[in-house]
Amino acid sequence: DDESHDLSAALVVDLGRYFPLAKGKLNAGYGRYDFRDSTIETLSGSAGLSWALSEKVSFAVDGGLRNTWSEGISAFSGQWKSEAWGWVASASINYTGQSAVAGLTYVRDVTPAHGLGGAAERDTWSISAKKRLGDLSFMFSAAYYALESVSGPSASAIDQRILQGSPALR
């Protein structure tokens, strides 16, 4: 049976005394994932800033480090262990109007590559928009993912690129 355990904590501080409409934040997290043939643990920490640039536009940025440790057994390579440190970051700009919402986001992460024997660096660019027209709402989201191996005895290096889009009408 697969099991996952996650623990995270965040501290948000209002910086309005020094910077109008700004907040600082500290994040810490731990995760453990037990699969039939492997165990993965991650530990992360980051600091960030969010800022309301106006009544409708906000900006947020975070940066930090993540450690991903994994071990397991593979039919190809036998017993294996890997560990990878990497930088993590996110940045987003968001618009919230009366009848429209939109956002552009970038995320950089070091993530377990379960089944591939190691860790991977993942870069994601995403955009989303929603427009309300009377009783109907039109929504669209698109994302580009790039995944590259960091460490581990995987049978082949990880080099994946994915582009996806999703329109919707409600």
Nearest non-hydrogen partners of Val57 and Tyr95, listed with the distance: CG2-CD1, 4.1 Å

Distance, nearest 0.5 Å, that separates CZ of Phe138 from NZ of Lys130: 12.5 Å

Non-neighbouring partners of Ala129 that pass side-chain contact (heavy atoms from CB on, under 4.5 Å), sequence neighbours left out: Ala102

By side-chain contact (heavy atoms from CB on, under 4.5 Å) - contacts of Ala22 (at least two apart): Leu15, Phe19, Leu49, Trp51

Shortest non-hydrogen separation from Ala47 to Leu26 and the atoms involved: CB-CD2, 3.7 Å

Same cluster (ILVMFWY, side-chain, under 4.5 Å), Leu11 and Tyr30: no

Nearest non-hydrogen partners of Thr105 and Ser92, listed with the distance: OG1-CB, 3.6 Å

Close side-chain approach of Asn27 and Asp62, heavy atoms under 4.5 Å: yes

Ser44 side, atom OG; Asn67 side, atom CG - distance, nearest 0.5 Å: 10.0 Å

Test: Asp34 and Arg36 ion pair at under 4.0 Å: no

Shared hydrophobic cluster, Val13 / Val61 (ILVMFWY, side-chain heavy atoms < 4.5 Å): yes

Criterion side-chain contact (heavy atoms from CB on, under 4.5 Å) on Lys131 and Ser137, from CA distance to verdict: CA-CA 6 Å; Lys131 175 71 174 162; Ser137 289; over 6 Å; no

Contact check, side chains of Thr39 and Arg32, non-hydrogen atoms, under 4.5 Å: yes

Residue pair Val110 / Gly86: nearest heavy atoms and the distance that separates them: CG2-CA, 3.4 Å

Check: Thr96 and Lys56 side chains under 4.5 Å, non-hydrogen atoms: no

Separation of Tyr144 OH from Ser126 OG (nearest 0.5 Å): 13.5 Å

Minimum heavy-atom distance Gly31-Asp6, with the two atoms named: CA-OD1, 3.7 Å

From Leu147 atom CG to Ile162 atom CD1, the distance as rounded to the nearest 0.5 Å: 7.0 Å

Approximate separation, where rounding is to 0.5 Å, of Gln160 CD and Glu148 CD: 10.5 Å

Polar side chain donor-acceptor pair, Tyr33 to Glu41, under 3.5 angstrom: no

Hphob cluster co-occupancy, Ile40 + Trp85, side-chain heavy atoms under 4.5 angstrom: no

Verify same cluster id: Leu133, Met139 (apolar side-chain graph, 4.5 Å): no

Heavy atoms from other residues, nucleotides or ligands near CZ of Arg161 exceed 12 (cutoff 6.0 Å): yes

Salt bridge flag under 4.0 Å for residues Asp14 and Lys23: no

Transitive ILVMFWY side-chain link Ile127 to Phe59, under 4.5 Å: yes

Lys25 and Ser50: side chain donor to acceptor below 3.5 Å: no

CZ-CH2 distance between Arg108 and Trp87, expressed to the nearest 0.5 angstrom: 4.5 Å

Electrostatic pair Arg66:Glu121 at N-O distance under 4.0 angstrom: no

Nearest heavy atoms of Arg132 and Gln98, plus distance in Å: NH2-O, 2.9 Å

Validation row: Glu71, Ser38 side chains within 4.5 angstrom (heavy atoms): no

side-chain contact (heavy atoms from CB on, under 4.5 Å) between Trp69 and Leu43, worked out: CA-CA 9 Å; Trp69 172 87; Leu43 183 64; over 6 Å; no

Verdict with reasoning, Val107 to Trp125, per side-chain contact (heavy atoms from CB on, under 4.5 Å): CA-CA 7 Å; Val107 176; Trp125 284 95; over 6 Å; no

